[in-house]
Amino acid sequence: MSRSRDRYNVKETEARWQAIWEDRGCFHAREDDARAKYYVLEMFPYPSGRIHMGHVRNYTLGDVVARYKRARGFNVLHPMGWDAFGLPAENAAIANKVHPARWTRENIAAMRTQLKAMGLSYDWRREIATCEPEYYRHEQKMFLDFLAAGLVYRKESWVNWDPVEHTVLANEQVIDGRGWRSGVPVEKRLLSQWFLKITEYADDLLAALKDLERWPERVRLMQENWIGRSEGMRLTFDVEGAEEGLEVFTTRPDTLFGASFCALSPNHPLAQRAAADNPALADFIAECNRMGTSEEAIETAEKKGFDTGMVALNPVRPDQRLPIYVANFVLMEYGTGAIFGCPAHDQRDLDFARKYDLPVVPVVLPPDADAADFAIGAEPYVGDGTLINSEWLDGLDVPAAKRAVAERLEAEGRGARTVSYRLRDWGVSRQRYWGCPIPIVHCPDCGAVPVPEAELPVTLPEDVDFDQPGNPLDRHPTWKHVDCPSCGTPARRETDTFDTFFESSWYFARFADPWSTDIGFKRAAADYWLPVDQYIGGIEHAVLHLLYSRFFTRALRRCGYVGVDEPFAGLLTQGMICHETYRDEKGDWLFPSEVTRLDDGRWVRAATGAPVTVGRVEKMSKSKKNVVDPEGIIATYGADTARLFMLSDSPPERDLEWTDAGVDGAWRYINRLWRMVIGAGLPPVGAPAPASFAPEVTAVRQVTHRTIAAVTDDLERFHFNKAVARIRELTNALGELAEGEGAGWALREGLETVVRLVNPMTPHLAEELWRALGHATMLVDTPWPEADPALLVEETATVAVQVNGKLRATLALAKDAPREEAEAAALADPAVQKFTAGKTIRKVIVVPNKIVNVVV
RNA sequence: GCCCCAGUGGCGGAAUUGGUAGACGCGCUUGACUCAAAAUCAAGUGCCGGAAACGGCGUGCUGGUUCGAGUCCGGCCUGGGGCACCA
C-alpha cells in the first residue's frame, strides 16, 4: 500500500476543507428571528505580527463553542478583528523607519493567514481593524455624544506620566507604581486631560456584578475590589480664624473623640494656599510630589508631615484644638484630600502620632479588655468594642456610635453620610501618534470646541516623523492649525489621541454591523446580537478592558446606541500557556527548539552536545525563550492536532503546559481515528438497524449513547478536557467491539458518533471522516447527535460493599433492587463474611444502587 | 498587611448532591510485528509486602463531624493570584 493511503494527509485535507468552508460561506452570520442567536467572541488580538500559543488556545476554545452551538441549532455570530492602535507600531516606526500604518497592516495580513490555517469558523466578512478611519470615526462621534450627555470632562489633574513612553497612563495601567508596558516608575505630572465619568456608574457597575452569573467569581471580586466602595461621612472642621471649614472624609466617625490632628494632601488647595507665603512648606510639598508611588517607595517612605500652624476645631468637642499638618500619605484623589487622625485606631495615624509626639487616646475598648489598664502600644486597635473617653458615645458599640455621630452631626449641618470609591474617572488622553485623534479644537476665545459631526472623521496625518521623542502630532507643521469651528478664529487642534482601551470598549458592538458608514452600528443589529453570549480571553483584562467595556456600554445606552447595560453575559478566562525553561552553561536562556533530550534523560544543546539545565515550568515569554511557534506545529502536525492538544490536557481556565509528548498524543489519536474509520468495513449509510443486537453489542451501543449525553453536558460546562477523555473512551470501546449480531451497524453508529462529537474540536478531520463514512452532506450543516434515552437506562448497578467503611466487595445487582435484597447479597458475599465472621453486625447502611456499609 | 484560589500516582488531570480515589492522556515496563529502527498492536503500571490469592497504607499536615470525608468544619504548612499610604 502506498504511504499516502495508510496515513492521514493533514496538509492537503486541512487546506481543502478550509477552502470549502470559505467558498460556501459556511460561517456567514445573518440576523434571523426564527432562531435563537448565540454570539461567541474571543478577545481580539493586537497585530504584533505573529500568533502565539495563547492565541491558539483562546481561538480554539472559542471555535469549539461556536461550532458546538451551531450544531445545536443556534444562529451563531463568531467574528474576528484587530486591536490595531498601540505603541509597538510606533516603536517599530522608530526602530525600522516604517510607518505605523504600514507595519500594522502587514502584520494583520500575516496573522490573518496564520489564523486561517487554524480552520476557525469566523465570519471573515465582518473583520475590522480599529486603526482604520472607517472604524475610529465612529468612536469620535461617540465621544462627542458622551460629551453632550455630560459623561466627558476636561480637567487639570495630577496624572501618571510614563517617562519612557512619553505619555499619561490610566490608574489601571500602573502596576506597582510602574508603567504596565515600559516597566519604569511613573512620575506625577499636572496636565489637562480628557476624562470619562466612569465614577458616575461606580455603584451600578458594582451592584450589577452579582447578576453576572456566568462570570468567574474571581473576576467579579477583582472588579469589586477595584471599585472599592466604602461607606463613611464627610465632616466639616472649623478652622480657627478662617471663614471656610475643612472638609474631611472618614469611615470611622465613631472615633472622633480620639482625634489628635488633621492632615492635608500636599496638593490640597488649603495646603497650596498656605505654601504661597511659607517657602519651607512649599519645599516640603515639592518633595512629596517627587516621591514615587511604587511599592518600595511606599514601604520605605516615612510618614512625614509639616505643621502648617493652622488649627482645626473638633466638631464634637469645639474646645479641642487640632493641629493641621500637610502629610505625605494623604491622597488628593481620594475622599476630600484631607483627614482627621485618630492614632489609637489606625496604623498610619499611630505612626504619625508617635513621630510628632501627638496624643494617643483610645476610644474603643476591646470586648475582653479592662478599661482601667487598656493602652495602645505599637499596634492600633481596629476591631469592634465599646466606646470610652467619648462623652455621649460612651458605652455604645462601634456601629451604634457611627450612627449616633452621623445623626447628630447631620442634624447640626456639620456632616453627611456619603460613599467613597477607590475607582477614579478614566483619563483617556494619550500623547501618542498611533491612536484615534480626539475630535476637539482648542480656541483661545471659545475654549474646547467639538469638531462638527460633518467634519468627522478627524484622520491621522500620514506624513509624520519619529526622529525625536514625544508626540509627532504635536510637532506636525500644519495638522494642528485649524480655525475654530465656532468662531472661525485661528485655533489649535487637540493633538492627544485616545487610550487604546477606547477602541476595545465597543468593538463587540461593531461586529454586529461592521458595514454602516454613518453610524457605528445599526441599533437593530445591536439589539439582535448583543450582549455577547460567551466572551473568552485572558484574566489579565479582569479590570482593565472588562471594566471599561461595561462602563462604555452603559454610556452607549444613555446615548441611545444600545439597549443593554452589560456587554458580556458569559465570560471564560483561560489560563496561560507554560513551558519548561532551559539554560546553557553560561546561564543564558535557550529556545526549546535548541535543546534535545538524550535517551539517558540528560538534556543537551542539539547543535553542540553541551549540557543544558532544565528550569521550572513558566509562562511562555520571549525573555525566557521558552516559546514554541504555533506555525511550525501547525505545519508539521496540522491545526487539528494543535487544537486537540490545547483542549485535552487541562481545564480551560487553568494553566496549560505545552509538551512535545502531549502533542504526540493528540497526533496519535487523530491518526488512530482516521485508520479506524478508513479501515472499517461498514454497512452503507442509512442501512436499517438489525432487529436485535448481541448483548455485548448492545453494551457498546450504550457506551455510544452515554458518551453523547456526557460530552454534551461537558461542552455545556466548558469541560473540554473531560469531553476529550470521554470521546477517547468511546473510541477505545469501539476498537474492542468484536463480531456479534448487529456489530457492523453498531460500529457505524459509534464511529459516526465519535466523528460528530469530535467535530467542534478537530473539524478538518471530522469533515474528512464524515465524507469517508459515505455522507454527501457536510458536518457544518449536521445537527448535534442526540442520545437514545432507551440506551441510557442502566439495568444493573454496581454496588460497593464496605465493612466498617472499607471496601471489601462489589456486587452487580438489578437497578433499584430492594434494600433487603442488597443487604442480604452483601452479607452472603464470602469476601464480606471473612470480615464479619464471629462478630455481631450492629448496623447495615444501604444506599440503593451505590453502597452497602456493614458496621460490626 | 487585607482579600481570593489551589495542593490528588513519576507527570497533566478525573471523581454533579459526602458513597468503589486515580477516568482519559503522557511517561515507563514487557511482549508481538521487523534484518533492524520508527510506526502500530497487546498486556501491565498509586505505594509497601507477597509467586499469587490477598493484606496493609494512601488525596499537603493536624484535629473533628459521620456508618462512610479528596469532598463538610476548626487550626496550621506550602504554592499562586489580586489589592495596598484608599482615611
Side-chain angles (χ1 to χ4, degrees), chain A residues 6-7 175-177 216-226 228-230 232 248-252 255 263 265 291 293 295 297-299 301-303 327-331 333-342 345-349 351-352 382 420-424 539-540 542-543 617 644-645 648-651 653-657 659-666 668-669 671-672 675 713 717 719 721-732 735 798-811 831 834 842-847 849-856:
Chain A
D6 60 3
R7 215 181 154 95
I175 315 237
D176 271 353
E217 187 60 42
R218 190 155 72 113
V219 174
R220 290 192 273 171
L221 204 70
M222 282 163 72
Q223 292 210 354
E224 191 179 318
N225 290 338
W226 189 265
R229 183 182 200 272
S230 47
V248 305
F249 175 76
T250 180
T251 56
R252 295 296 303 272
T255 64
S265 163
M291 191 187 75
T293 50
E295 194 178 347
I298 289 164
E299 291 277 299
E302 254 184 292
K303 306 281 172 282
N328 62 354
F329 63 90
V330 182
L331 303 173
E333 303 84 39
Y334 186 76
T336 61
I339 61 160
F340 81 82
C342 175
H345 304 291
D346 182 277
Q347 184 68 60
R348 281 164 323 188
D349 295 351
D351 295 347
F352 193 80
V382 296
S420 253
Y421 297 94
R422 225 187 64 99
L423 182 71
R424 312 283 154 74
I539 186 83
E540 66 272 18
V543 280
V617 174
L644 185 61
F645 172 65
S648 345
D649 263 22
S650 294
E653 58 282 348
R654 221 175 298 182
D655 287 354
L656 172 79
E657 188 191 345
T659 61
D660 290 346
V663 177
D664 284 341
R668 277 205 293 265
Y669 176 76
N671 281 284
R672 180 170 168 230
R675 283 193 307 270
D713 190 50
R717 296 160 184 263
H719 293 175
N721 56 326
K722 286 159 68 180
V724 171
R726 292 193 156 115
I727 293 170
R728 296 181 94 127
E729 276 181 283
L730 173 57
T731 311
N732 292 344
T798 308
V799 175
V801 183
Q802 299 178 335
V803 178
N804 288 343
K806 278 184 192 279
L807 181 73
R808 297 301 177 189
T810 55
L811 301 171
K834 227 167 80 184
R842 291 194 292 174
K843 200 175 179 183
V844 179
I845 285 121
V846 181
V847 181
N849 303 322
K850 287 226 168 115
I851 207 155
V852 176
N853 191 7
V854 181
V855 186
V856 292

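Only a predicted model underlies this, so the values are computations on that prediction, with no experimental measurement involved.
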### Message
Both distances below 3.5 Å, Watson-Crick or wobble geometry, any strand: find the nucleotide opposite A14(B).
### Response
none
### Query
Which residue lies toward the 5' end of RNA chain B, Val854(A) or Leu656(A), if each is placed at its nearest nucleotide?
Leu656(A)
### Query
If we call it a pair only when both distances are under 3.5 Å in a Watson-Crick or G-U wobble match, what pairs with A21(B)?
none
### Query
Rounding to a whole Å, what distance do you find between Arg424(A):CZ and C85(B):C1'?
12 Å
### Message
Do Ile539(A) and Arg218(A) have side chains that approach each other closer than 4.5 Å (heavy atoms only, starting at C-beta)?
### Response
yes
### Query
A14(B) phosphate, OP1 or OP2: any side-chain N/O from Asn721(A) under 4.0 angstrom?
yes
### Task
Give the nucleotide from the list C57(B), G13(B), C24(B) with an atom nearest to the side chain of Ala725(A).
C24(B)
### Task
Find out whether Thr659(A) and Phe645(A) are in side-chain contact, i.e. whether some heavy atom of one side chain is under 4.5 Å from a heavy atom of the other.
yes
#### Entry: Same-atom distance (P) from U8(B) to G79(B), integer angstrom
14 Å
### Message
What's Arg654(A) touching, base or sugar-phosphate or nothing? Going by heavy atoms closer than 4.0 Å.
### Response
sugar-phosphate
### Task
Assign Arg672(A) to base, sugar-phosphate, or nothing according to its heavy-atom contacts below 4.0 angstrom with the strands shown.
sugar-phosphate
### Close side-chain approach of Arg842(A) to Val855(A), heavy-atom, < 4.5 Å
yes
#### Entry: Between A23(B) and G74(B) - C1' atom distance, rounded Å
33 Å
### Message
Counting neighbours of CZ on Arg672(A) that are heavy atoms of other residues, nucleotides or ligands and sit closer than 6.0 Å, is the number greater than 12?
### Response
yes
### Task
Could you check whether Ser420(A) gets within reach of a base, just the sugar-phosphate, or nothing at all, counting any heavy atom under 4.0 Å?
nothing
### Query
When we call it a touch if two heavy atoms are under 4.0 Å apart, what does Val330(A) touch: a base, just sugar-phosphate, or nothing?
base
### Query
Ser230(A) side chain N/O closer than 4.0 Å to the phosphate oxygens (OP1, OP2) of A87(B)?
yes
### Message
Considering every strand and a 4.0 Å limit on heavy-atom distances, what is the contact class for Arg348(A): base, sugar-phosphate, or nothing?
### Response
base
### Query
Can you tell me if Asn804(A) uses its side chain to pair, donor with acceptor, with the backbone of Val856(A) under 3.5 Å?
yes
### Task
Give none if C2(B) has no partner; otherwise give the nucleotide forming a Watson-Crick or G-U wobble pair with it, both distances under 3.5 Å.
G82(B)
### Task
Sticking with atom C1', work out how far A69(B) lies from U62(B), rounded to a whole angstrom.
15 Å
### Task
Tell me the partner of C61(B), counting only Watson-Crick (N1-N3 plus N6-O4 or O6-N4) or G-U wobble (N1-O2 and O6-N3) with both under 3.5 Å; none if nothing fits.
G75(B)
### Task
Under a 3.5 Å limit for both distances, which nucleotide forms a Watson-Crick or G-U wobble pair with U40(B), could you say?
A32(B)
### Interatomic distance, Asp351(A) CG vs G1(B) P [rounded to whole Å]
14 Å
### Query
Mapping Val724(A) and Tyr334(A) onto RNA chain B by nearest heavy atom, which one lands closer to the 5' end?
Val724(A)
### Task
Figure out the CD1/P separation between Ile851(A) and A69(B), and round it to whole Å.
10 Å
### Message
Counting the atoms with a prime plus P, OP1 and OP2 as sugar-phosphate, which does Arg422(A) contact under 4.0 Å by heavy atoms, base, sugar-phosphate, or nothing?
### Response
base
### Task
Would you classify Asn804(A) as touching base, sugar-phosphate or nothing, given that sugar-phosphate means primed atoms plus P, OP1 and OP2, and contacts are heavy atoms under 4.0 Å?
nothing
### Distance, rounded to the nearest Å, where Lys850(A) contributes NZ and G19(B) contributes C1'
7 Å
### Task
Take the protein atom CG of Asp655(A) and the nucleotide atom P of G7(B), then report the distance between them rounded to whole Å.
14 Å
#### Entry: Sugar-phosphate only, base, or nothing, as touched by Ser648(A) at under 4.0 Å among non-hydrogen atoms
nothing
### Message
I'd like to know whether CG of Asp660(A) has more than 12 heavy-atom contacts from other residues, nucleotides or ligands below 6.0 angstrom.
### Response
no
#### Entry: Side-chain touch Tyr669(A)/Thr731(A), heavy atoms, less than 4.5 angstrom
yes
### Task
Give a yes or no answer on whether the side chain of Ser265(A) reaches the backbone of Val330(A) with a donor-acceptor pair at less than 3.5 Å.
yes
### Asn225(A) side-chain proximity, nearest of C3(B), A15(B), G55(B)
C3(B)
### Query
Across the strands shown, which category fits Val847(A) at heavy-atom distances under 4.0 angstrom: base, sugar-phosphate, nothing?
base
### Message
Rounding to an integer number of Å, can you tell me how far Glu729(A) CD sits from A15(B) P?
### Response
12 Å
### Query
Nearest to the side chain of Met222(A), which nucleotide is it out of A87(B), C85(B), G82(B)?
G82(B)
### Query
Using a cut-off of 4.0 Å on non-hydrogen atoms, how would the nucleic acid contact of Leu331(A) be classed: base, sugar-phosphate, or nothing?
base
### Task
Nearest whole angstrom, please: distance from the P of C2(B) to the CH2 of Trp226(A).
21 Å
### Query
Where the side chain of Lys834(A) is concerned, which of C24(B), U20(B), C54(B) is the nearest nucleotide?
C54(B)
### U66(B) - base-pair partner by Watson-Crick or wobble geometry, distances under 3.5 Å
none
### Query
Is there a donor on the side chain of Asn853(A) or the base of C67(B) sitting less than 3.5 Å from an acceptor on the other?
yes
### Task
Please give the nucleotide sitting opposite G27(B) as a Watson-Crick or G-U wobble pair, both distances under 3.5 Å, or none.
U45(B)
### Query
Does Lys722(A) have a side-chain nitrogen or oxygen under 4.0 Å from the phosphate oxygens OP1 or OP2 of U16(B)?
no
### Query
Can you tell me how far P of C85(B) sits from CD1 of Ile339(A), to the nearest Å?
14 Å
### Message
Given C24(B), U20(B), G81(B), identify the nucleotide with an atom nearest to the side chain of Arg728(A).
### Response
C24(B)
### Task
Describe the nucleic acid contact of Arg808(A) in one word from base, sugar-phosphate, nothing, applying a heavy-atom distance below 4.0 Å.
sugar-phosphate
### Summary
Regarding G74(B), purine or pyrimidine glycosidic angle vs 90° from 0 gives anti
### Message
Taking the basic N atoms (NZ, or NE/NH1/NH2) and the acidic carboxylate oxygens, is any pair closer than 4.0 Å for Arg726(A) and Glu729(A)?
### Response
no
### Query
OP1 or OP2 of A23(B) sitting under 4.0 Å from any side-chain N/O of Asn732(A)?
no
